[in-house]
Amino acid sequence: MANKPSIPKGTRDFSPQEMLRRQYIFDTIRGVFQRYGYLPLETPAMENLETLTGKYGEEGDRLIFKILNSGDAWKSVAPNVKAMIQAGEEVPPGRLASELAEKALRYDLTVPFARYVVQHQNEISFPFKRYQIQPVWRADRPQKGRYREFVQCDADVIGSTSLLSEVELVQLFDDVFTALGLKVVVKINERKVLSGIAEVCGQPEKVVDIVTAIDKLDKIGREKVEEEMRTKGVSDEAIRGIAPLFELKGTWTEQRPRLEEWLASSTKAQQGLKDMSLVFNAVGGLKSATLEFDPTLARGLDYYTGAIFEVKALEGSMPGSICGGGRYDDLTGIFGLKNMSGVGISFGADRIYDVLLETNKFPESLGSSTRLLFANFGEQEAMHCLKLLRAVREAGIAAELYPDAVKMAKQFKYADDKGIALVAIIGENELKEGTVTIKEMVSGTQRSVREEELLATISA
RNA sequence: GUGGAUGUAGCUCAGUUGGUUAGAGCGCCGGAUUGUGGUUCCGGAGGUCGCCGGUUCAAGCCCGGUCUUCCACCCCA
């Protein structure tokens with residue numbers, strides 16, 4: 001016997017019980033997506049490597065799973081690269097990988113979507129609203145709530161710059177988490193405001209360094225943030241200029257005038273603040289989510305240009321975000337289609353699963369798919385049950401017949417383990433009298449009904 | 001990618017300074033109960049101690065490597 005079989009690091013099997021719960025999440029999200037007019041789309045698990053590289057920042061490129069070329073991959077390596085290796089020279093990072101692999105597993109759903117839009121632009125009617133629920137892969141080191149294979153549920157609107165899309169997506173977040181019964185905070189920020197901060201501080205070229213440092217504020221505190229900016233080459237004067245950010249507290253209506261005053265000299269920032277105001281004014285009352293402007297929210301993905309979103313659970317111990325998203329003005333530009341602004345959000349189904357499990361929010365009824373089990377008393381009785389079984393199934397009730405005529409205790413245990421609510425007993429006596437004995441598993445009570453009454457009895 | 005922990009039965013975990021045949025609880029299977037599960041009682045099966053190598057008369061225990069899971073960093077759903 002060989003070694004115990006196993007699966008790759010960071011991947012998981014899902015048992016029937018886990019799948020019922022996962023499908024509950026997917027179905028809930030899918031239902032809301034469709035109610036908002038988004039249409040389904042699927043793209044391949046693998047993309048051409050060059051489609052993905054350079055879209056997620058330097059860190060992102062490292063995390064892309066590359067697929068070794070089939071056949072003898074070494075043959076596909078360019079002669080000059082081979083020569084470098086044979087001469088013992090250092091090959092630039094990524095260079096050899098791009099020679100050995102021309103395909104890669106998708107890293108997210110947004111970039112493949114942009115690729116799809118460019119490729120099919122003549123068939124699409126814009127603005128195009130699509131949703132996509134598929135796994136993505138990242139070569140990250142696994143941790144709690146961090147997997148190498150996980151499912152994202154995306155909704156994007158492309159081909160419109162209207163802020164009504166941002167408003168709609170916030171409402172969509174709220175609807176999904178209301179349906180799932182989870183309290184969340186939707187954090188929102190504007191890349192234009194972040195650029196404005198860098199401008200006002202006199203170091204617009206340092207936006208990325210400033211922003212990624214600020215993003216860690218709630219984690220490492222103000223002093224460490226300033227220290228990191230300093231090591232990244234941000235001037236002391238600029239760091240002093242950022243100070244008002246740390247004083248910003250309260251609701252949007254409290255934050256807004258202070259931001260407007262502070263960032264008055266940046267027309268970019270003013271535009272961003274105006275956009276945020278529209279979103280806050282238009283979004284209306286929310287049921288499960290609270291919308292919060294968070295000027296320290298950055299998000300690493302390079303392609304965001306406008307609003308950025310992040311959702312955190314207010315219940316449970318999940319440290320990371322459970323959803324993300326934002327507006328990208330030129331994602332399709334890299335593939336040759338200009339002036340195509342889009343905005344989208346992504347639900348992290350696996351993290352949502354972990355939160356719902358921890359906080360006990362899954363509905364009880366997900367335990368089983370079968371409602372009625374026919375006990376098997378032997379060949380003659382089973383043949384009789386088969387007819388009734390068919391009628392029950394045709395009435396839309398999930399039912400099954402125990403396949404073997406084993407002793408009753410085992411059959412009842414099967415029903416118990418599988419969470420089946422009702423067991424129909426048709427033995428010698430019932431067969432003779434044309435009746436069915438129905439046992440309700442939870443209470444343990446049972447009663448005898450005529451066969452004709454079976455459907456009415458169990459559908460109640 | 002960097003640093004640090006971890007791995008013993010299906011699951012959760014004991015296992016002394018290295019010393020016969022590695023234990024418990026839960027679960028599983030069988031019986032008490034040949035037409036009744038979830039309670040109870042009795043009995044039983046199940047372990048290459050993650051994997052490979054080393055030290056030793058002797059390794060679950062010590063050493064090296066490797067894989068897994070977890071924690072911090074990085075980043076993110």
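Only this structure's heavy atoms are used, side chains among them; waters, hydrogens and symmetry mates stay out. Every chain is numbered from 1 and lettered A, B, ... according to where its sequence line falls, protein lines coming before strand lines.
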Under 30°, 30 to 60°, or over 60°: which ring-plane class applies to Tyr24(A) and Phe362(A), parallel, tilted or perpendicular?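 Judged by the thresholds at 30° and 60°, the geometry between Tyr24(A) and Phe362(A) is perpendicular.
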
In terms of relative ring orientation, are Tyr303(A) and Tyr56(A) parallel, tilted or perpendicular, with 30° and 60° separating the classes?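 Perpendicular: the ring planes of Tyr303(A) and Tyr56(A) meet at over 60°.
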
Which nucleotide, in any strand shown, forms a Watson-Crick or G-U wobble pair with [N], with both distances under 3.5 Å?
{"N": "G27(B)", "result": "none"}
{"N": "A58(B)", "result": "none"}
{"N": "G1(B)", "result": "C73(B)"}
{"N": "U40(B)", "result": "A32(B)"}

Show, in sequence, the C-alpha distance, side-chain angles and deciding distance for Glu18(A) and Arg21(A), and conclude whether the salt bridge (Lys or Arg N to Asp or Glu O under 4.0 Å) test is met. CA-CA 5 Å; Glu18(A) 289 168 321; Arg21(A) 289 174 166 168; over 6 Å; no

Gap in Å between the two [atom1] atoms, one belonging to [N] and one to [M], rounded:
{"N": "G35(B)", "M": "G43(B)", "atom1": "P", "result": "27 Å"}
{"N": "C74(B)", "M": "C11(B)", "atom1": "P", "result": "34 Å"}
{"N": "G1(B)", "M": "G23(B)", "atom1": "P", "result": "42 Å"}
{"N": "G60(B)", "M": "C51(B)", "atom1": "C1'", "result": "14 Å"}
{"N": "C49(B)", "M": "G19(B)", "atom1": "P", "result": "16 Å"}
{"N": "U2(B)", "M": "G10(B)", "atom1": "C1'", "result": "36 Å"}
{"N": "G27(B)", "M": "C13(B)", "atom1": "C1'", "result": "14 Å"}
{"N": "A72(B)", "M": "U66(B)", "atom1": "P", "result": "24 Å"}

Using 0.5 Å steps for rounding, measure from the CG atom of Asp156(A) to the CZ atom of Phe33(A).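 Rounded to the nearest 0.5 Å, the CG-CZ separation comes to 9.0 Å.
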
Give a yes or no on whether a salt bridge exists between [X] and [Y], defined as a side-chain N under 4.0 angstrom from a carboxylate O.
{"X": "Glu47(A)", "Y": "Lys55(A)", "value": "no"}
{"X": "Glu228(A)", "Y": "Lys224(A)", "value": "no"}
{"X": "Lys413(A)", "Y": "Asp416(A)", "value": "no"}
{"X": "Arg230(A)", "Y": "Glu227(A)", "value": "no"}

Length of the [atom1]-[atom2] vector between [X] and [N], whole Å:
{"X": "Tyr107(A)", "N": "C75(B)", "atom1": "OH", "atom2": "P", "result": "11 Å"}
{"X": "Ile438(A)", "N": "G37(B)", "atom1": "CD1", "atom2": "P", "result": "19 Å"}
{"X": "Ile345(A)", "N": "C76(B)", "atom1": "CD1", "atom2": "P", "result": "18 Å"}
{"X": "Gln411(A)", "N": "G37(B)", "atom1": "CD", "atom2": "C1'", "result": "11 Å"}
{"X": "Ile133(A)", "N": "A77(B)", "atom1": "CD1", "atom2": "P", "result": "17 Å"}
{"X": "Glu430(A)", "N": "U36(B)", "atom1": "CD", "atom2": "C1'", "result": "12 Å"}
{"X": "Asp404(A)", "N": "U34(B)", "atom1": "CG", "atom2": "P", "result": "19 Å"}
{"X": "Leu63(A)", "N": "G1(B)", "atom1": "CG", "atom2": "C1'", "result": "9 Å"}

Write out all pairs satisfying side chain to side chain donor-acceptor pair (under 3.5 Å) with one or both partners inside residues 373-385 of chain A, taking only residues at least two apart or from two chains.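 Qualifying pairs, neighbours excluded: His384(A)-Glu451(A).
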
I'd like to check, for Phe150(A), whether its ring lies over the base of A77(B) with centroids under 5.5 Å apart and a plane angle smaller than 30°.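 Stacked: ring centres under 5.5 Å, planes under 30°.
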
Show me, pair by pair, the donor-acceptor contacts under 3.5 angstrom made by side chains of residues 434-447 of chain A, not counting sequence neighbours?
{"from": "Thr437(A)", "atom 1": "OG1", "to": "Glu430(A)", "atom 2": "OE2", "distance (Å)": "2.7"}
{"from": "Ser443(A)", "atom 1": "OG", "to": "Thr445(A)", "atom 2": "N", "distance (Å)": "3.3"}
{"from": "Ser443(A)", "atom 1": "OG", "to": "Thr445(A)", "atom 2": "OG1", "distance (Å)": "2.9"}

Take Glu428(A) and Ser321(A), find for each the nucleotide of RNA chain B with the closest heavy atom, and name the residue whose nucleotide sits nearer the 5' end.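 In this pair, the answer is Glu428(A).
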
NA contact type, [X], heavy-atom cut-off 4.0 Å: base, sugar-phosphate, or nothing?
{"X": "Ile425(A)", "value": "base"}
{"X": "Gly444(A)", "value": "base"}
{"X": "Met408(A)", "value": "sugar-phosphate"}
{"X": "Val151(A)", "value": "nothing"}
{"X": "Ser346(A)", "value": "nothing"}
{"X": "Ala409(A)", "value": "sugar-phosphate"}

For the base of G37(B), is there a side-chain donor-acceptor partner from Asp416(A) under 3.5 Å away?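 Indeed, a donor on one side and an acceptor on the other fall under 3.5 Å apart.
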
Give every residue pair that meets the ring-ring contact (aromatic ring centres under 6.0 Å, His included) criterion with at least one member in residues 413-449 of chain A, sequence neighbours excluded.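 Sorted result for residues 413-449 of chain A: Tyr402(A)-Tyr414(A).
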
Got a list of protein N/O to nucleotides 26-30 of chain B N/O distances below 3.5 Å?
{"from": "C28(B)", "atom 1": "OP1", "to": "Lys413(A)", "atom 2": "NZ", "distance (Å)": "3.1"}

Side chains of Asp329(A) and Ser341(A) only: does a donor on one sit below 3.5 Å from an acceptor on the other?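 Yes, because at least one side-chain N or O of Asp329(A) sits under 3.5 Å from a partner of the opposite role on Ser341(A).
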
Using a 4.0 Å heavy-atom cut-off to protein, can you give one letter per nucleotide of nucleotides 69-74 of chain B, 5' to 3': B if the base is in contact, S if only the sugar-phosphate is, - if neither? S-SBBB

Report yes if some heavy atom in the side chain of Phe150(A) is under 4.5 Å from a heavy atom in the side chain of Tyr353(A); otherwise report no.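 They are not in side-chain contact.
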
With respect to Arg106(A), which candidate in Gln134(A), Met46(A), Arg115(A) satisfies the side-chain contact (heavy atoms from CB on, under 4.5 Å) definition?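 Of the listed residues Gln134(A), Met46(A), Arg115(A), the side-chain contact (heavy atoms from CB on, under 4.5 Å) partner of Arg106(A) is Gln134(A).
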
Within residues 370-388 of chain A, which residues have any heavy atom lying less than 4.0 Å from an atom of RNA chain B?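 By residue number: Phe377(A).
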
